[in-house]
Amino acid sequence: MAALRTSGSPFLLETLAASCLLLLALWAQGGVAVPITHHCKLDQSNFQQPYITNRTFTLAQEASLADNNTDVRLIGNNLFQGVNQMRERCYLVKQVLNFTLEEVLFPNSDRFHPYMQEVASFLDSLSKKLSQCRIKGDDQHIQRNVNNFKDTVKKLGESGEIKVIGELYLLFMALKNECTLPGHSWKMDN
């Protein structure tokens, strides 16, 4: 404290007090002024593992051979319609990922051996990393797209589940492109 008693100490103390007040104000508001975009990001290194990339592609390819419905594309431009911000797009993909895990991959873990369990485990780890990814404010446009995805899968029944598995590589690429590269937008032909 002796060092603070110099001629410059009132300025230093005022700066320190102002900083503390700012931190207290942010804490009292629940950190509203703190950006939350870092929760909607994945490290690029998650997608630079050739082994799991190959397993995901192989699983999707194997399921695609069993997919008789070639008229429907689940993961494409329609999924992202009206969702333009990267954080929102990552949040949308996270919602699709969670549905895919809970409603398709985990219940079908005994199919498509040996790839299914490894790919489901990898995707589950990504889901956990995105667990804090949230959107503040109105997300009805995102939920509408996610619900359309879910409804289509459920309407197609087992064929829809096969289609989701067959499009896992597209989901993998959407996660990579929407949750890792700032400002990069993923486009695909429908």
Side-chain angles (χ1 to χ4, degrees), residues 29-49 52-53 56-57 59-60 63-64 67 69-108 119-120 122-157 159-190:
Q29 294 177 0
V32 172
V34 178
I36 61 166
T37 57
H38 66 281
H39 294 298
C40 291
K41 285 187 179 177
L42 292 169
D43 192 317
Q44 183 75 24
S45 65
N46 291 303
F47 302 96
Q48 295 173 340
Q49 303 169 34
I52 198 64
T53 302
T56 305
F57 179 77
L59 173 60
S64 290
D67 181 10
N69 187 340
T70 58
D71 296 336
V72 176
R73 166 72 54 88
L74 296 171
I75 299 177
N77 288 336
N78 285 341
L79 182 63
F80 297 101
Q81 189 172 3
V83 182
N84 300 316
Q85 294 180 2
M86 181 183 171
R87 183 185 54 195
E88 290 182 345
R89 291 171 75 91
C90 182
Y91 176 75
L92 183 148
V93 175
K94 173 200 141 179
Q95 297 291 91
V96 169
L97 172 62
N98 290 341
F99 173 82
T100 299
L101 285 165
E102 294 165 15
E103 301 295 326
V104 179
L105 299 185
F106 293 149
N108 288 291
V119 172
F122 168 74
L123 292 175
D124 189 41
S125 74
L126 295 183
S127 175
K128 288 175 182 164
K129 290 175 184 178
L130 289 172
S131 66
Q132 297 300 312
C133 178
R134 304 225 188 319
I135 299 298
K136 292 194 180 222
D138 183 22
D139 70 344
Q140 289 181 352
H141 61 299
I142 297 169
Q143 292 308 319
R144 182 175 39 253
N145 293 8
V146 171
N147 287 334
N148 286 342
F149 174 86
K150 291 178 180 181
D151 292 345
T152 302
V153 172
K154 289 178 180 176
K155 184 172 59 174
L156 293 172
S159 173
E161 292 176 1
I162 297 293
K163 181 163 283 302
V164 168
I165 298 168
E167 292 189 12
L168 279 179
Y169 195 71
L170 297 176
L171 179 60
F172 177 91
M173 293 305 297
L175 283 161
K176 176 183 176 186
N177 293 331
E178 301 304 338
C179 299
T180 62
L181 302 174
H184 183 270
S185 185
W186 181 63
K187 297 291 182 203
M188 159 175 265
D189 294 334
N190 278 338

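Starting from 1, each residue takes its place in the sequence as its number. What you are looking at is a predicted structure, and each value in this text was computed from that prediction instead of being measured. Note that these values count all heavy atoms, side chains included, but never hydrogens, waters or copies made by symmetry.
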* Distance in Å, R134 CZ paired with H39 NE2, rounded so as to fall on 0.5 Å steps -> 9.0 Å
* Structure fact -> Sorted by chain and number, sequence neighbours left out, salt bridge (charged side-chain N to carboxylate O under 4.0 Å, His left out) with D139 holds for none
* Would you indicate whether Q48, at its atom CD, is surrounded by more than 12 heavy atoms from other residues, nucleotides or ligands within a distance under 6.0 Å? => yes
* **Residue Q81 excluded, over 12 heavy atoms near CD under 6.0 Å** => no
* To do: Determine yes or no for a side-chain-to-main-chain donor-acceptor pair under 3.5 angstrom, with S127 supplying the side chain and L123 the backbone.
  => no
* Looking at L101 and A120, what are the two nearest heavy atoms and their distance? -> CD2-O, 3.7 Å
Could you pull out every donor-acceptor pair under 3.5 Å between side chains of residues 159-168 and any protein atom, sequence neighbours left out?
unit_1 : atom_1 : unit_2 : atom_2 : d
E161   : OE1    : N108   : ND2    : 3.2
K163   : NZ     : D67    : OD2    : 2.6
K163   : NZ     : N69    : O      : 2.5
K163   : NZ     : V72    : O      : 3.0
E167   : OE1    : L74    : N      : 3.1
E167   : OE1    : I75    : N      : 2.7
E167   : OE2    : L74    : N      : 3.1

* Asked: How would you list, by chain and number, every residue that makes a side-chain hydrogen bond (donor to acceptor under 3.5 Å, both in side chains) with T56, sequence neighbours excluded?
  -> none
* Any residue meeting ring pair (Phe, Tyr, Trp, His ring centres under 6.0 Å) with F57, in chain and number order, not counting sequence neighbours -> Y169
* Asked: Which residues pass the side-chain hydrogen bond (donor to acceptor under 3.5 Å, both in side chains) test with D151, sequence neighbours left out?
  -> none
* Asked: If you round to the nearest 0.5 Å, how far is CG of L126 from NZ of K176?
  -> 12.5 Å
* State which residues pass salt bridge (charged side-chain N to carboxylate O under 4.0 Å, His left out) with K128; sequence neighbours excluded, sorted by chain then number. => D124
* Please report the C-alpha distance between F47 and T180 in whole Å, then the side-chain angles of each, then the deciding distance to 0.1 Å, and finally whether the side chain to side chain contact (heavy atoms under 4.5 Å, CB included) criterion is met. => CA-CA 9 Å; F47 302 96; T180 62; 3.6 Å; yes
* **Test log, rule disulfide (SG to SG under 2.5 Å), inputs C40 and C90** => CA-CA 6 Å; C40 291; C90 182; 5.2 Å; no
* Structure fact -> Value for CG (N145) from CG (N78), rounded to nearest 0.5 Å, stands at 8.5 Å
* Output, in order, the C-alpha distance, side-chain angles, deciding distance and verdict of side chain to side chain contact (heavy atoms under 4.5 Å, CB included) for R144 and H141. => CA-CA 5 Å; R144 182 175 39 253; H141 61 299; 3.5 Å; yes
* To do: Mind checking side-chain contact (heavy atoms from CB on, under 4.5 Å) for E103 and listing every partner two or more places apart, or none if nothing turns up?
  => F99
* Asked: CD of Q95 to CZ of F149: how many Å apart, nearest 0.5 Å?
  -> 11.5 Å
* Structure fact -> For K129, the side-chain hydrogen bond (donor to acceptor under 3.5 Å, both in side chains) test, sequence neighbours excluded, returns N46
* To do: Taking R89 for its side chain and V83 for its backbone only, find out whether a donor-acceptor pair lies under 3.5 Å.
  => yes
* For S45, which residues count as a side-chain hydrogen bond (donor to acceptor under 3.5 Å, both in side chains) partner, sequence neighbours excluded? -> D43
* **For L92 against F80, the heavy-atom pair lying closest together** => CD2-CE2, 4.1 Å
* To do: Give, for atom CD1 of I142 and atom CD1 of I135, the distance between the pair rounded to the nearest 0.5 Å.
  => 5.0 Å
* Spatial distance of atom CZ (R87) from atom SG (C179) [nearest 0.5 Å] -> 12.5 Å
* To do: Could you pull out all residues at least two apart from K94 that satisfy salt bridge (charged side-chain N to carboxylate O under 4.0 Å, His left out)?
  => none
